[in-house]
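Step one of this worksheet: look at the structure below.
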Amino acid sequence: MGPENGEGFSHLKAMMQRHKIPTVFLEKQEFSQHIPNVNLTDGNGALIDNHAGVLYVDRALRAVQRVFQSSGGVIKDGEKVIDITPGAVVTVTTVITAGPWFLSGQVVKISVCYWKEKIPGTYSVGQRFPCFIEMEPEEGEYDIYGLPSNEYPGLMKVSDRRDATEPDERDKQTDRGNIDILVRYVTRCLPGLVPVPAVVESCMYMVTPDRNFVLDSHSTYGNTIIGAGFSGHGFKFGPIIGKLLSQLAMGQVPSYDLSPFRIQHFQSCQIVTLNPRAYNYIHLI
């Protein structure tokens, strides 16, 4: 959802049409017939991707972990990164998924808010309620997004992308400005929700300058393969990211053009020494 004449919305619409993604465009007057309990902002239109869906991260991770463990793999969660010794043979003390500690660049803290439904199930998948992204230019550069009320029944996730932070300092921040933005949005656009968050959690995104990923080998040590900077939307790309990183690690030609994701593409983003306090997460950030 976004301003019909806005550059970002128009670009997205053209891209979806160019790639023949099954899409329905709805103007304000017809929107409520298809998506009830949402007030579309004046001047906004909506693009509906008929093939979209919800990915349940916890279930997906459990499935991957079961396959990994059945093949003899061992998962060690919460284990500190001890050392990486580059060279002709790379010595890695642990498998590293170090999240926002891995790259120099912008790290943002996200307030993940859940809002109580006034009538349970109103915004559930069972009522055909979709995932959504709302382009909100008057509120800033970040988009507001939401997921149906199925992760926590009776609670709908509505969040935005805000607040630059230092990874080791995120819980010291007390500014609630981003939550106030969400309160105004929920009050205005989602009348079936109680406009005060019932649950507030937080997470961090490592954001690259153009929000693309880093998929490359180290500039000095070619046998060190890097997948990082997923800018908050990496998880859903897990299968193809895994395929591409494995191809790089095996010295194979990648299946796709990786030039937009090469390290040198990011002039202001450098690989830095790993923070020894970086922990081994079991999800992509």
Side-chain angles (χ1 to χ4, degrees), residues 1-57 110-162 178-199 211 231-237:
M1 301 179 284
E4 288 188 49
N5 299 321
E7 181 179 354
F9 187 82
S10 299
H11 175 75
L12 181 62
K13 182 178 179 181
M15 182 273 295
M16 296 179 78
Q17 292 173 340
R18 183 169 64 253
H19 292 282
K20 297 181 173 55
I21 298 172
T23 307
V24 176
F25 174 72
L26 298 177
E27 296 179 342
K28 183 175 173 59
Q29 60 269 25
E30 56 186 346
F31 179 81
S32 60
Q33 300 172 23
H34 298 270
I35 312 293
N37 301 303
V38 179
N39 297 325
L40 190 65
T41 303
D42 289 337
N44 279 12
L47 288 169
I48 299 178
D49 176 357
N50 289 325
H51 285 186
V54 180
L55 178 63
Y56 293 105
V57 174
I110 312 302
S111 293
V112 182
C113 298
Y114 293 85
W115 312 74
K116 186 175 181 179
E117 295 172 309
K118 294 176 180 177
I119 300 175
T122 300
Y123 294 95
S124 70
V125 171
Q127 295 297 319
R128 300 180 67 249
F129 191 80
C131 314
F132 72 85
I133 295 179
E134 169 103 24
M135 298 179 176
E136 284 281 300
E138 73 273 12
E139 295 285 14
E141 63 173 307
Y142 298 104
D143 302 327
I144 290 173
Y145 67 94
L147 293 169
S149 58
N150 293 77
E151 182 180 10
Y152 300 141
L155 297 175
M156 181 180 170
K157 178 180 177 178
V158 182
S159 299
D160 74 345
R161 301 178 179 180
R162 297 274 160 178
N178 55 338
I179 297 178
D180 292 339
I181 289 173
L182 291 172
V183 167
R184 293 196 295 271
Y185 177 79
V186 168
T187 301
R188 184 176 75 246
C189 297
L190 300 168
L193 298 177
V194 176
V196 177
V199 178
R211 301 187 183 235
S231 302
H233 59 282
F235 188 87
K236 65 183 71 69
F237 295 98

Subject >> pair Val194-Trp115: side-chain heavy atoms closer than 4.5 Å >> reply: no
Original post:
Do the side chains of Tyr123 and Pro148 get nearer than 4.5 Å, heavy atoms only?
Top reply: no
Original post:
Judged by modelled atom types alone, do Ser111 and Asn178 share a side-chain donor-acceptor pair under 3.5 Å?
Top reply: yes
**OP:** Answer yes or no: is there a side-chain heavy-atom contact under 4.5 Å between Val38 and Leu190?
**Re:** yes
**OP:** Would you check, one step at a time, whether the test side-chain contact (heavy atoms from CB on, under 4.5 Å) holds for Tyr145 with Lys157?
**Re:** CA-CA 8 Å; Tyr145 67 94; Lys157 178 180 177 178; 3.9 Å; yes
**OP:** Taking atom CG of Asn5 as the centre, report whether more than 12 heavy atoms of other residues, nucleotides or ligands fall under 6.0 Å from it.
**Re:** no
Original post:
CZ of Phe31 to CG of Asn39: how many Å apart, nearest 0.5 Å?
Top reply: 9.0 Å
Original post:
At what distance, to the nearest 0.5 angstrom, does OG of Ser32 lie from CG of Leu26?
Top reply: 9.5 Å
Original post:
Does atom NZ of Lys28 have more than 12 heavy-atom neighbours from other groups under 6.0 Å away?
Top reply: yes
Subject >> More than 12 heavy atoms from other groups under 6.0 Å of CD on Glu151 >> reply: yes
**OP:** Calculate, to the nearest 0.5 Å, the distance between atoms CG and CE belonging to Asp49 and Met16 respectively.
**Re:** 4.5 Å
Original post:
Between Leu40 and Met1, what is the shortest heavy-atom contact and its length?
Top reply: CD1-SD, 3.6 Å
**OP:** Considering non-hydrogen atoms only, spot the tightest contact between Pro191 and Lys118 and give its length.
**Re:** O-NZ, 3.0 Å
Original post:
So, the side chain of Asn37 versus the backbone of Gly192: is there a donor-acceptor pair under 3.5 Å, distance only?
Top reply: no
Subject >> Minimum side-chain heavy-atom gap Ile48-Pro130 below 4.5 Å >> reply: no
Subject >> Nearest-0.5 Å distance that lies between atom CD1 in Ile21 and atom NE2 in His51 >> reply: 10.0 Å
**OP:** Answer whether the closest heavy-atom distance between the side chains of Thr41 and Cys189 falls below 4.5 Å.
**Re:** yes
**OP:** Return the set of residues passing ring pair (Phe, Tyr, Trp, His ring centres under 6.0 Å) with Tyr152 (not counting sequence neighbours), or none when no residue passes.
**Re:** Tyr114
**OP:** Starting at CD of Glu4, measure out to CG of Leu47 and round the result to the nearest 0.5 Å.
**Re:** 9.5 Å
Original post:
Between Glu117 and Leu193, is any pair of side-chain heavy atoms under 4.5 Å apart?
Top reply: yes
**OP:** Identify the heavy atoms of Pro3 and Asn44 that sit nearest to each other, and give their distance.
**Re:** N-OD1, 3.1 Å
Original post:
Would you say the side chain of Leu155 lies within less than 4.5 Å of the side chain of Ser149, judging by non-hydrogen atoms?
Top reply: no
Original post:
Should we say atom NE2 of His11 is surrounded by more than 12 heavy atoms from elsewhere, each under 6.0 Å from it?
Top reply: no
Original post:
Just how far is it from atom SG of Cys131 to atom CG of Leu147, taken to the nearest 0.5 Å?
Top reply: 5.0 Å
Original post:
Do side-chain atoms of Glu30 reach the backbone of Glu27 as a donor and acceptor pair under 3.5 angstrom?
Top reply: yes
Subject >> Residue among Val196, Val158, Val199, Leu182 satisfying side chain to side chain contact (heavy atoms under 4.5 Å, CB included) with Cys113 >> reply: Leu182
Subject >> Met135 and Leu12, any side-chain heavy atoms less than 4.5 Å apart >> reply: yes
